[in-house]
Protein chains: 2
Amino acid sequence: MKLSTRSRYGVRLMLALGTGEKPGPTLLKDVARREQISEKYLSQIIIHLKAKGLVHASRGAHGGYELARPAAEITLREIVEPLEGDLCLVDCILRPASCTRSATCATRDVWGAMNTMILDYLDTITLEDLVRKHRGKLGDAGIDFAI
Amino acid sequence: MKLSTRSRYGVRLMLALGTGEKPGPTLLKDVARREQISEKYLSQIIIHLKAKGLVHASRGAHGGYELARPAAEITLREIVEPLEGDLCLVDCILRPASCTRSATCATRDVWGAMNTMILDYLDTITLEDLVRKHRGKLGDAGIDFAI
DNA sequence: TTATTTACTACTAATTCGCTAGTATTGGTA
DNA sequence: TACCAATACTAGCGAATTAGTAGTAAATAA
């Protein structure tokens, strides 16, 4: 049970957009360089985030990506869920018909509750929280905004 | 981010041991038949559970497996953790040296907190809880012991 | 000593993951 | 209009992981 690099890179990508120093759109190329992640790979990842309406893209010279909404209004769940492909620990949660035991399975309830707990947790953390935490760590006075 | 079948089967296996009707050890063969899981595969899974001291095995005729402790004293975490191979969402949580960004990474803290939350949750659920839930579902009066 | 059961080891088909590569398309700029 | 800079799209692929199968060895009760 590992978080995919897609999700991890996706969150770092969004964080990079959220902390963009210069005004205007951020180049994927710059994010790739700063975060040491393949630009091509990032471009595949961000497609899903764009599809969910989290970022806005502009093509051509002086193009790039921008957050489509304020960072405070974007939760980690919105970022991670599409990248994991419907964050779902066990198939039978989203599709009960995928297992004949669904109706009477005691373990299914536990996985379902656990899944809900994870999604709820991710919903409580906004991109702005991450940005603040990031700035705190850079400030380097040892200050740590515990979540 | 899926739970492996190993973990899922492992929990069902332990549940089967916890609800064993007959006294004495339970045959893996019987669990395999009732749960519709390959006996060979189950035998690989239960090795890890035995190594963790959760079950006791006896060989030969009238052998089988028994819980090594009362179901009330076995938590889901104890079952799932060894089967997932140290349930850890992201490598850098257990091994900070695996990523150069560990010290200053804002996202790492979030994954760490999420990981802790998951383990804590699994720690709150005992095998006995599962057994009760299972019996409730079989009773079939529509009673559901929500977790 | 034989039948029954767990214990151990090796292999393998299928899937998923983490990318790379190439081309197309769009839009600003000269 | 021509060109360049950027995103958009599609295909493929090597490595790792997953979910088993298969076969043999060892222990033990009867």
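Each chain gets a letter, A, B and so on, in the order the sequences are listed, and its residues count up from 1. Only heavy atoms go into these numbers, but all of them, side chains included; no hydrogens, no water, no symmetry mates.
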For the base of C/dT4, is there a side-chain donor-acceptor partner from B/Arg59 under 3.5 Å away? no

Whole Å only: how far is the CG atom of B/Leu83 from the P atom of D/dT17? 17 Å

Whole angstrom value for the distance that separates P of C/dT12 from OH of B/Tyr41: 18 Å

d(CD, A/Gln44; P, D/dA6) in whole Å: 20 Å

Out of D/dA19, D/dT7, C/dT20, whichever nucleotide has its closest atom nearest the side chain of B/Ser4: D/dA19

Are the charged groups of B/Glu81 and B/Arg77 less than 4.0 angstrom apart, N to O? yes

Rounding to a whole Å, what distance do you find between B/Lys40:NZ and C/dT12:P? 17 Å

Nearest 0.5 Å, what's the NZ-CG distance between B/Lys22 and B/Asp30? 5.0 Å

Does A/His62 have a side-chain nitrogen or oxygen under 4.0 Å from the phosphate oxygens OP1 or OP2 of C/dT29? yes

Return no unless some side-chain N or O of A/Lys50 is found under 4.0 Å from OP1 or OP2 of D/dA8. yes

With heavy atoms under 4.0 Å as the rule, sort A/Ile46 into base, sugar-phosphate or nothing. nothing

For B/Tyr9 and D/dG20, what is the distance between atoms OH and P respectively, to the nearest whole Å? 4 Å

Once you round it to whole Å, what is the distance between P of C/dC19 and CD of A/Glu35? 14 Å

Give a yes/no on whether any side-chain N or O of B/Thr5 is located under 4.0 angstrom from OP1 or OP2 of D/dA19. yes

Length of the line joining A/Ile45:CD1 and D/dA8:C1', which is rounded to integer Å: 15 Å

By nearest-nucleotide position on DNA chain C, the 5'-leaning member of B/Gly63 and B/Ser43 is B/Gly63

Would you tell me if any nitrogen or oxygen in the side chain of A/Ser58 comes within less than 4.0 Å of OP1 or OP2 on D/dA6? no

Please determine, by modelled atom types, if A/Thr75 and A/Asp123 share a side-chain donor-acceptor pair under 3.5 angstrom. yes

Interatomic distance, A/Arg6 CZ vs C/dC19 C1' [rounded to whole Å]: 11 Å

Salt bridge between B/Arg12 and B/Glu35, side-chain N to carboxylate O under 4.0 Å? yes

Between C/dT6, C/dT29, D/dA6, which nucleotide has the shortest distance from any of its atoms to the side chain of B/Ala57? C/dT6

Salt bridge between A/Lys2 and B/Glu84, side-chain N to carboxylate O under 4.0 Å? no

Compare side-chain N and O positions of B/Tyr65 against OP1 and OP2 of C/dA7 and report whether any pair is under 4.0 Å apart. yes

